[in-house]
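For reference, the structure is listed below as structure tokens.
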Amino acid sequence: MTEDLDTAVVRGTRRAAATPAGQGDGNARGQSTGRKRDPERTRAEILKVSTGVFAAQGYSGARVDEIAALTRTTKRMIYYYFGSKEQLYLEVLKDAYGGIRAAEREIQVGSLNPRDAVRRLAELTYDHHAQHSDFIRLVMIENIHRGVFIRQVESIRDLVQPAVGLLEEILKRGRAEGVFRHDADAFDVHLVISSYCVFQVANQYTFGYLFGRDLQEPPLSDHLRSMLGDVVVAWLETGAEVKN
């Protein structure tokens, strides 16, 4: 029944979009102003607001009506751009994972020695996670759902490959120079870095309350950021024939 309703809404919206200006529903939000809507901007705004709503309320709790109100658009328009609530959520997931991957691609490590390169990558990941708490909440929500939604977005797995390739290249150089251990691969390092960074956001309230500290405020946040780099580099050096 829901799918039939969604289909009808989308079809109705598309017909409305094809109606010449000045005809049709003059009360629809966005049309009464007489301004031409920018499709890409509207879609991006919906995606941004939806990210916050899904992160705060989860997939089940989020309401498309609320997203429409926050974006000053209509529920029909959201269905026109994304098709359904589930498709909107999938796009939010893809966009969130694409954010950290894009940040990783921007890092320039070719001129850095392996130790500094892996430290830079670890600290960049720390900064991104701290600045994009919605991403962490979405990851937590998706794990609550046992990954049922992320499995529908095959392209998310493709996004990981450049980051893995970059990390593997750093490790390869480190092994060749005798500064990194040979039994640690890109998956191992990524797991260590992600675990540390996710904890800073996911557990900041409970951990902060128990120990009476704010993990997101400097100078503690700066110390934790630096500590991550120390941990990763020291672990990779363990068992290696370090060259001074």
Side-chain angles (χ1 to χ4, degrees), residues 47-63 66-67 70 89-107 117-153 156-157 159-160 163-164 166-167 170 184-238:
L47 201 58
K48 180 179 179 180
V49 171
S50 298
T51 296
V53 173
F54 280 121
Q57 303 179 22
Y59 176 77
S60 300
R63 297 175 60 247
E66 178 181 357
I67 295 172
L70 292 172
Y89 180 67
L90 296 180
E91 286 296 319
V92 164
L93 282 180
K94 185 166 67 173
D95 186 67
Y97 274 91
I100 179 60
R101 301 290 87 90
E104 290 167 342
R105 287 194 298 271
E106 291 297 320
I107 189 171
V118 77
R119 179 185 292 275
R120 176 78 63 84
L121 186 61
E123 292 179 346
L124 177 142
T125 304
Y126 181 94
D127 291 340
H128 186 275
H129 284 34
Q131 296 163 11
H132 297 82
S133 58
D134 282 350
F135 170 63
I136 306 303
R137 294 190 182 96
L138 287 169
V139 172
M140 295 166 62
I141 291 167
E142 189 56 22
N143 277 284
I144 289 174
H145 288 285
R146 299 180 182 272
V148 66
F149 292 104
I150 198 173
R151 295 175 187 275
Q152 301 178 47
V153 190
I156 287 183
R157 299 184 70 178
L159 292 172
V160 176
V164 171
L166 173 64
L167 189 48
I170 296 172
D185 62 14
F187 173 82
D188 299 329
V189 180
H190 186 71
L191 179 62
V192 171
I193 293 174
S194 294
S195 300
Y196 186 97
C197 293
V198 169
F199 187 93
Q200 309 302 316
V201 178
N203 294 60
Q204 61 178 300
Y205 301 108
T206 53
F207 205 71
Y209 171 74
L210 291 173
F211 292 93
R213 300 188 182 187
D214 188 339
L215 276 63
Q216 301 299 312
E217 287 294 321
L220 179 57
S221 60
D222 297 331
H223 168 71
L224 296 173
R225 181 180 187 269
S226 179
M227 189 168 74
L228 171 60
D230 292 339
V231 168
V232 175
V233 172
W235 171 60
L236 286 173
E237 289 180 338
T238 302

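Predicted model only: the values in this text are computed from it and were never measured. All residue numbers refer to positions in the sequence shown, counting from 1. Heavy-atom basis, side chains included; hydrogens, waters and symmetry copies ignored.
Looking only at side-chain heavy atoms (C-beta outward), Glu91 and Leu47 come within less than 4.5 Å of each other. In this structure the side chain of His132 never reaches within 4.5 angstrom of the side chain of Ile100, judged on heavy atoms. Between Arg120 and Leu124, the closest side-chain pair of non-hydrogen atoms is not below 4.5 Å. Between Leu220 and Asp214, every side-chain heavy-atom pair lies at or beyond the 4.5 Å cut-off. Residues His129 and Ile136 are in side-chain contact: their nearest non-hydrogen atoms beyond the backbone lie under 4.5 Å apart. Considering only heavy atoms from C-beta on, Ser226 stays 4.5 Å or farther from Asp222 through its side chain.
Screening Val192, Leu191, Ile193 for a side chain to side chain contact (heavy atoms under 4.5 Å, CB included) with Ser195, the sole residue that qualifies is Leu191. Of the options Asn143, Ile156, Val139, Leu90, a side chain to side chain contact (heavy atoms under 4.5 Å, CB included) to Ile150 is made by Ile156 and by none of the others.
Between Tyr89 and Ile141 the shortest heavy-atom distance is OH-CG2, 3.7 Å. When all heavy atoms of Ala62 and Val53 are compared, the closest pair comes out as CB-CG1, 3.8 Å. Contact detail for Arg151 and Arg146: the closest heavy-atom pair is NE-O, 3.9 Å. Between Asp188 and Trp235, the closest heavy-atom pair is CB-CH2, 3.7 Å. Taking every heavy atom of both residues into account, Leu121 and Thr125 meet most closely at O-OG1, 2.9 Å. Residues Leu138 and Ala96 approach most closely at CD1-CB, 3.9 Å, considering heavy atoms.
Going from atom CZ of Phe135 over to atom NE2 of His128 covers 7.0 Å, rounded to the nearest 0.5 Å. Taken to the nearest 0.5 Å, the CG atom of Leu228 stands 11.5 Å off from the NE2 atom of His223.
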Side chain to side chain contact (heavy atoms under 4.5 Å, CB included) assessment of Leu167 paired with Val118:
CA-CA 7 Å; Leu167 189 48; Val118 77; 4.1 Å; yes
Derivation of the side chain to side chain contact (heavy atoms under 4.5 Å, CB included) call for Val201 and Cys197
CA-CA 7 Å; Val201 178; Cys197 293; over 6 Å; no
Going through the checks in order, is the side chain to side chain contact (heavy atoms under 4.5 Å, CB included) test met by Val160 and Tyr97?
CA-CA 9 Å; Val160 176; Tyr97 274 91; 5.9 Å; no
For Gln57 and Glu66, run side-chain hydrogen bond (donor to acceptor under 3.5 Å, both in side chains): C-alpha distance rounded to whole Å, both residues' side-chain angles, the deciding distance at 0.1 Å, then the answer.
CA-CA 11 Å; Gln57 303 179 22; Glu66 178 181 357; 3.1 Å; yes
Working for side chain to side chain contact (heavy atoms under 4.5 Å, CB included), residues Phe199 and Gln204
CA-CA 7 Å; Phe199 187 93; Gln204 61 178 300; over 6 Å; no
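Looking only at distances, no side-chain donor or acceptor of Tyr126 sits under 3.5 Å from a matching main-chain atom of Tyr196. Checked by atom type and distance alone, the side chain of Gln216 never pairs as donor or acceptor with a backbone atom of Gln131 at under 3.5 Å. Without hydrogens or angle criteria, His190 side chain to Ala186 main chain gives no donor-acceptor distance under 3.5 Å.
Checking Arg225 against Ser221 by side-chain atom types alone, no donor-acceptor pair falls below 3.5 Å.
With salt bridges taken as basic N to acidic carboxylate O contacts below 4.0 Å, none links Asp95 and Lys48.
For an aromatic pair to be called close, the ring centres must be under 6.0 Å apart, and Tyr205 with Tyr209 fails this.
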